[in-house]
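Contents: one structure, followed by commentary.
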Protein chains: 2
Amino acid sequence: MSDVCDITSVSELVVREVRESLPAEDTVQRLAESFRALSDPTRLKILLALAERELCVCNLATALRMSQSAISHHLRTLRSLRLVRFRREGRMVYYSLADEHIVELLRTGVEHAREP
Amino acid sequence: MSDVCDITSVSELVVREVRESLPAEDTVQRLAESFRALSDPTRLKILLALAERELCVCNLATALRMSQSAISHHLRTLRSLRLVRFRREGRMVYYSLADEHIVELLRTGVEHAREP
DNA sequence: CACTCATATGAGCAATTGCTCATACAATAA
DNA sequence: TTATTGTATGAGCAATTGCTCATATGAGTG
């Protein structure tokens, strides 16, 4: 607040430019929420699995060696963020990725993670 | 474990295929860590700001209206994940994005966040 | 040297997260 | 109907997170 380094006109200009360049607050919030969904290893595995194929909850649970409850809770989170969609078929519920954006985010991330 | 839905041969095959399609555990962990860095609104703003230009800590703090300490702690996190780099110039430390991967992740994310 | 200023960091805390357990709900079968 | 099975969800908890405050470090100044 009273830092001398901030009251020079150059810094003031820089600060203003940075502020103006940032997306709107709610955009940042939504973006952070989406990334948060991808920030948990279990949720990430769920999404990577769904990137391969549509899956029911019980197969997801078995494949990831997690409890059905844990998977279901995570799917709830992913659903509320509209990252996955689902359809009922009898007693089973099949989940899949919501759109291509998530696929691309995953792909971009995996590419980065593979490097040194 | 004893769910009937998992002991059919079809499900067993599906489960095996999904398990084989998933990246190695440590790859998933690193990927999740990177996404976690992007999952906090303040860190996200720091990265978005650095995507515009190199910035010193105090200008970052002023631009984001956060304490110098908070920003510094976040930069430590980002540094340890090698998402940012820094250089000293006198008393100031200037931070910038580490490479193009983060830029692309941010860009992909922002594109997604702009939609309905 | 002492002093200032930009930055870094440890401690402590309220808030959040990710799991388990128990239970509820939904769809089919007997 | 009741029983069974796949899924969803609330409560509760240990662990983690993101901040503040105080203090340390490091670099320039007098």
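Throughout, protein chains are lettered first and strands after them, A, B, ... in sequence-line order, and every chain is numbered starting at 1.
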Starting from P on C/dA26, measure out to CZ on A/Phe86 and report it in whole angstrom. 12 Å
Can you sort out the partners of A/His73 under ring pair (Phe, Tyr, Trp, His ring centres under 6.0 Å), two or more places apart, ordered by chain and number? none
Establish, from distance only, whether the side-chain atoms of B/Tyr95 and B/Arg79 form a donor-acceptor pair under 3.5 Å. yes
Given atom CZ of B/Arg36 and atom C1' of C/dT16, what is their separation to the nearest angstrom? 11 Å
Taking atom P of D/dG6 as reference, at what distance in whole Å does atom CG of A/Asn59 sit? 10 Å
Whole-Å distance, A/Phe35 CZ to D/dT17 P, equals 18 Å
Would you find a donor on one side and an acceptor on the other, under 3.5 Å apart, between the side chain of A/Arg16 and the backbone of A/Ser11? no
Which is more 5' along DNA chain C, the nucleotide nearest B/Ala70 or the one nearest A/Asp40? Just name the residue. B/Ala70
Would you call A/His73 stacked on C/dC19, i.e. ring centres under 5.5 Å apart with the planes less than 30° off parallel? no
Going by heavy atoms in the side chains, are A/Arg53 and B/Glu17 under 4.5 Å from each other? yes
Heavy atoms under 4.0 Å is the rule here; annotate nucleotides 22-30 of chain D 5' to 3' with B where the base is hit, S where only the sugar-phosphate is, and - elsewhere. B----BSS-
Trace of the side-chain contact (heavy atoms from CB on, under 4.5 Å) decision for B/Leu64 with A/Leu22: CA-CA 10 Å; B/Leu64 306 191; A/Leu22 290 178; 3.6 Å; yes
Nearest-Å distance, CE (A/Met66) to C1' (D/dG6)? 18 Å
For DNA chain D, find the residues of residues 74-81 of chain B with a heavy-atom distance under 4.0 Å and give them by number; none if there aren't any. B/His74
Under 4.0 Å between a side-chain N or O of B/Arg43 and OP1 or OP2 of D/dG18? yes
Is A/Val93 close to A/Arg87 at the side-chain level, that is, under 4.5 Å between some pair of heavy atoms? no
Mark yes or no for whether B/Ser72, through its side chain, and B/Ser69, through its backbone, hold a donor-acceptor pair below 3.5 Å. no
Roughly how many Å is it from CZ in A/Arg87 to P in D/dT7, rounded to a whole number? 12 Å
Short side-chain donor-acceptor distance under 3.5 Å, B/Glu33 and B/Gln29: no
Does the A/Arg43 side chain pair with the main chain of A/Leu38, one donor and one acceptor, at a distance under 3.5 Å? no
What's B/Tyr95 touching, base or sugar-phosphate or nothing? Going by heavy atoms closer than 4.0 Å. sugar-phosphate
